[in-house]
There are 4 protein chains.
Amino acid sequence: MSNINLYQQWGITLDLALEAHELLRGATGQEIPGVKEDKENYPYATVTTITILSPEGAKIMQKPIGRYITIEAAELRIPDPESQRQLSDLLNQKLQPLLPKDDQSNLLLIGLGNWNATPDALGPRVISQCVITRHLYKYAPEALTPGMRSVCALTPGVLGITGIETAEIIRGVVEKIQPTAMIVIDALAAKSVDRIGSTIQIADTGISPGSGVGNQRIGINQETMGIPVIAIGIPTVVHAAIIIEEAILKLFQSMKMYEGLHPPIINEIINEVLAPFSGNLTVTPKEIDSMINNLAQLLAQGINQALHPNVNPSQFNMYLQ
Amino acid sequence: MSNINLYQQWGITLDLALEAHELLRGATGQEIPGVKEDKENYPYATVTTITILSPEGAKIMQKPIGRYITIEAAELRIPDPESQRQLSDLLNQKLQPLLPKDDQSNLLLIGLGNWNATPDALGPRVISQCVITRHLYKYAPEALTPGMRSVCALTPGVLGITGIETAEIIRGVVEKIQPTAMIVIDALAAKSVDRIGSTIQIADTGISPGSGVGNQRIGINQETMGIPVIAIGIPTVVHAAIIIEEAILKLFQSMKMYEGLHPPIINEIINEVLAPFSGNLTVTPKEIDSMINNLAQLLAQGINQALHPNVNPSQFNMYLQ
Amino acid sequence: MSNINLYQQWGITLDLALEAHELLRGATGQEIPGVKEDKENYPYATVTTITILSPEGAKIMQKPIGRYITIEAAELRIPDPESQRQLSDLLNQKLQPLLPKDDQSNLLLIGLGNWNATPDALGPRVISQCVITRHLYKYAPEALTPGMRSVCALTPGVLGITGIETAEIIRGVVEKIQPTAMIVIDALAAKSVDRIGSTIQIADTGISPGSGVGNQRIGINQETMGIPVIAIGIPTVVHAAIIIEEAILKLFQSMKMYEGLHPPIINEIINEVLAPFSGNLTVTPKEIDSMINNLAQLLAQGINQALHPNVNPSQFNMYLQ
Amino acid sequence: MSNINLYQQWGITLDLALEAHELLRGATGQEIPGVKEDKENYPYATVTTITILSPEGAKIMQKPIGRYITIEAAELRIPDPESQRQLSDLLNQKLQPLLPKDDQSNLLLIGLGNWNATPDALGPRVISQCVITRHLYKYAPEALTPGMRSVCALTPGVLGITGIETAEIIRGVVEKIQPTAMIVIDALAAKSVDRIGSTIQIADTGISPGSGVGNQRIGINQETMGIPVIAIGIPTVVHAAIIIEEAILKLFQSMKMYEGLHPPIINEIINEVLAPFSGNLTVTPKEIDSMINNLAQLLAQGINQALHPNVNPSQFNMYLQ
């Protein structure tokens with residue numbers, strides 16, 4: 001129904017490749033050239049890997065060539081210990097193959113986002129639960145558990161508070177400490193509220209300009225950083241303009257009107273209802289604070305396992321602040 | 001157009017008496033029996049006082065008998081020092097007459113809300129900038145500036161974190177320390193996004209059950225507390241269900257359809273778009289964190305002036321933590 | 001060597017009954033009438049139970065009649081998972097017999113202390129990791145795991161910030177919600193730096209006036225609250241005056257001077273060195289922030305197990321914020 | 001009496017040049033070659049400028065060649081508005097001449113220290129109250145007040161949490177954004193408790209290795225950063241080993257013993273009393289949290305005035321988060 005370009009007037013990008021692909025394939029499920037989709041089913045989750053193979057596919061999807069692995073599980077929102085364990089194991093399983101093989105390499109973790117704006121706080125909250133070891137390698141190697149990798153981390157804050165683009169801070173640190181690769185954790189915006197807190201996206205293409213709840217201005221990826229960048233994100237918001245559009249389109253559908261069209265009236269109404277904030281309003285669940293705490297813990301568990309695969313997870317707690 | 005009862009199915013109350021009154025008066029501007037409205041214009045603001053005079057008015061408005069003073073100013077969102085000063089002076093001017101005349105009385109300030117969920121953090125952030133003196137009266141009166149009143153404060157957290165209703169905590173403290181009156185600060189939900197951060201409501205009826213972003217279960221008012229309770233609130237969110245309803249009604253209006261009716265299709269669409277969260281989704285601006293910081297500072301300035309009217313505001317900073 | 005009354009001029013009480021008993025018994029190890037001491041050895045810890053049996057013993061010890069259980073373990077400072085597990089099990093084992101037998105009873109947890117002053121933040125940090133269930137009993141019993149007890153919690157802040165004595169807040173809440181018993185967690189002051197972070201004291205006598213890092217003005221105990229109060233504390237500081245006194249006494253001992261005496265010169269020197277802060281200076285380790293995080297986690301684990309003994313600890317995480 | 005080298009065995013450096021100079025000059029007040037001292041008296045403060053002029057002076061003082069301006073005022077600890085204003089004006093007056101003349105230049109502010117360890121939180125708390133403008137220059141110049149300089153800021157955390165040396169993070173950012181100069185704010189350790197919270201040191205030599213409460217491993221200065229670095233610090237702690245040493249030396253003095261000597265017994269006693277923490281214990285006032293809040297506000301006011309001298313201070317609030 002909708003065309004992916006329509007979101008651009010609101011400064012909205014579709015962070016989830018899965019949603020972009022769904023949208024473009026439309027009701028007919030047409031194939032998008034240069035884009036491959038594979039699905040795997042697990043007891044607790046569905047894993048969909050979307051691979052953008054060609055510049056043509058990248059242009060249509062408005063996402064760079066690369067792999068986008070999506071773990072979908074409604075159980076992500078329910079902190080039941082057994083499903084949580086299975087889901088962090090699954091994250092570990094999907095993340096590990098993307099990491100440098102050499103376990104002597106140093107990895108840099110980045111928690112993007114604003115600590116003080118709850119829906120945007122996912123990145124920093126994940127980082128606070130990750131096992132950091134680089135300083136131990138340097139100053140106290142006897143304190144390490146055998147098998148641990150060298151990992152360091154940064155939460156660069158946001159441009160409006162520091163006056164410095166996060167990409168500038170990150171690039172500066174990368175040039176100084178020369179990590180082998182980077183994992184960036186960020187809160188995303190989804191197109192549909194049922195994806196909030198129930199979807200994890202792992203992308204080996206890093207962070208594209210305009211993406212995330214914070215709308216990163218400058219990309220954080222192989223091009224800008226010079227090293228592989230893996231992005232891990234979970235949607236915590238939907239843009240308000242999108243849910244109004246979705247509601248109106250559903251109304252048209254139920255009234256059997258305007259099929260296939262997207263009349264200007266929709267934009268006029270969005271503008272009126274959301275004035276004076278327009279594209280700067282987001283929709284988020286009331287329980288977002290506890291939801292993000294659970295998700296941060298799950299992501300951190302999966303990341304710790306993937307970074308230190310030869311270490312018993314019971315040892316991780318000892319290294320946390 | 002809409003009927004005030006329609007919000008109830010989503011567990012939504014209209015926190016702003018001004019919005020409830022507008023809605024009920026409808027397009028024709030009909031008078032609501034037992035409800036009086038007065039407007040005053042200031043350079044930076046409009047002040048509307050809605051007085052509910054009779055049980056009939058209370059029933060229609062679904063709000064208790066009492067006074068609801070609304071300060072509306074788009075400048076509330078812009079931290080320009082001159083307008084900020086005029087607006088906190090205006091808050092002081094409207095709040096003072098509601099306070100106990102006896103300046104020997106002790107006042108209790110309550111910051112309702114969850115520190116960790118940004119749109120709900122207004123109450124606690126205001127309290128952290130209020131001048132607290134009750135312990136100085138007791139232990140170090142020489143540290144007081146002459147003219148200061150005895151003021152104490154509490155931020156009772158939320159039921160989901162403490163396991164205790166905030167009203168239970170507050171009532172227990174009120175019975176112990178016997179304040180003469182209470183001021184409760186809370187984040188509100190508005191019906192229209194242009195009221196977010198641009199409207200202050202002062203109500204001498206306290207907090208009604210179901211109100212605020214946190215949906216207080218038990219009221220905090222003269223009935224439950226035994227002392228006068230003044231509620232001060234600013235809207236920081238709009239319920240997602242309401243903006244979808246507003247968009248659809250505007251569509252109907254523009255298409256000259258279904259005037260005066262509210263077809264079931266609207267609720268079906270709201271349910272579909274907001275599943276599985278339904279009534280638990282809120283719309284808030286991206287810059288909510290810095291917006292709430294500015295508003296908290298402005299409210300605290302006005303409250304400090306109203307509580308200690310004979311003290312030069314330059315002295316307040318000395319007492320802040 | 002020293003007399004317990006000498007600390008009073010600095011406003012210092014000995015929070016640890018173990019230290020008070022050691023001090024009074026002196027080098028000769030004389031028995032203190034009305035005070036019994038029992039020691040148990042465990043692989044990771046020594047547990048000493050001091051029971052004050054009579055008013056005479058209470059007067060000499062300057063502590064109320066009751067039981068003081070001290071767990072001493074240097075491993076408390078090392079977050080090794082195996083010893084941490086054994087130590088939280090030991091805490092559970094010693095705490096459970098002090099709790100009400102009736103598992104239908106409601107327990108209130110209090111985290112005393114100031115979130116923002118790191119050495120005094122132990123209480124609040126413990127509470128944030130405790131399983132709170134009272135609201136689930138009331139509103140969502142199906143969300144409870146069978147065997148869970150009703151538990152609620154409060155972190156009342158400090159007098160200097162709220163203007164309200166913590167005992168007033170707690171008493172008010174106790175009268176409202178009528179818990180069967182209370183557990184209060186607080187940071188303590190020790191006499192010797194090697195007890196910092198290596199000692200847990202469980203006392204069935206609650207919190208005495210003047211105790212803890214925050215020097216509680218009003219006691220929190222059966223007398224003031226009307227219900228049993230169990231106090232759990234870990235020393236995080238030593239008063240600066242005490243370490244100067246200890247150093248000077250060791251000097252005298254090594255120079256074989258002034259044995260058994262406590263000359264006025266000691267107080268003069270303490271006053272000079274600590275001016276202008278005198279009794280308001282504390283000694284604490286640089287790594288106090290991470291130390292308190294580890295200790296808070298260990299205490300919370302032990303408390304959760306003791307409160308919900310029939311629940312598998314793997315279920316607790318689901319209930320944490 | 002004491003020799004400056006004696007502190008080194010405890011890993012202690014004297015952060016305040018004023019204290020180092022006093023110590024070296026001893027009771028006789030002998031001149032130190034290559035070191036000049038000038039004193040100015042103000043109503044609320046004494047300003048002492050120590051200039052190290054030669055390599056010989058640098059070697060004896062164990063501080064680099066440069067200027068060390070110390071503002072001493074007991075009123076720094078008392079948040080009286082009039083003296084606070086005069087003291088931030090004085091800071092502005094002494095700081096401005098050290099800044100680049102070109103007001104088109106970009107300045108980088110660094111808040112060293114650990115947010116979560118209260119005595120070490122001064123740097124981050126100051127930064128949070130500084131006016132940041134660099135992003136406005138880039139994206140919204142119309143939002144600037146005429147006369148404002150381009151300022152950005154960073155709080156790099158601590159090695160134990162990030163795994164990255166703060167100097168590495170800062171150097172990386174400096175190379176990327178090329179500021180003209182840097183101001184680093186840090187909490188210091190003093191030799192005497194009466195300097196806690198009553199002394200501001202401004203040094204045009206940046207941060208030397210080993211200095212500050214956090215014991216910076218790598219220096220942050222012109223040599224390591226390639227641009228001028230001005231360090232601003234206030235003592236918030238005294239090392240515990242130092243106060244024991246001071247107490248024992250005073251005892252010897254009063255007993256007319258061991259004049260001019262520093263017997264090994266002192267180190268033995270320090271080791272015994274402070275075991276097992278030895279050099280890692282600090283002495284700090286109980287009210288350190290509110291003290292640091294007041295000092296952070298005062299420092300930020302002075303820094304904002306010095307950075308934007310042509311802007312009315314009433315305009316600053318508009319730019320704060």
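Chain letters run A, B, ... following the sequence lines, proteins first and then strands; every chain starts at 1.
The minimum heavy-atom distance between D:L108 and A:I164, with the atom names listed, is CD1-CD1, 4.1 Å. The shortest non-hydrogen separation linking A:I169 to D:L154 is CD1-CD1, 3.5 Å.
Comment: A:R134 engages D:E168 in a salt bridge, judged by a side-chain N to carboxylate O separation of less than 4.0 angstrom.
Side-chain contact between D:E175 and A:K176: present, with at least one pair of heavy atoms (C-beta onward) separated by less than 4.5 Å.
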side-chain contact (heavy atoms from CB on, under 4.5 Å) between A:E165 and D:K138, worked out: CA-CA 11 Å; A:E165 309 270 9; D:K138 195 167 177 192; 3.2 Å; yes
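Residue A:I161 holds its CD1 atom at 9.0 Å from NE2 of D:H135, rounded to the nearest 0.5 Å.
Residue contact with chain A, scored on non-hydrogen atoms closer than 4.5 Å, involves the backbone and the side chain of D:L159 alike. Contact annotation for D:Y137: neither backbone nor side-chain heavy atoms come within less than 4.5 Å of a heavy atom of chain A.
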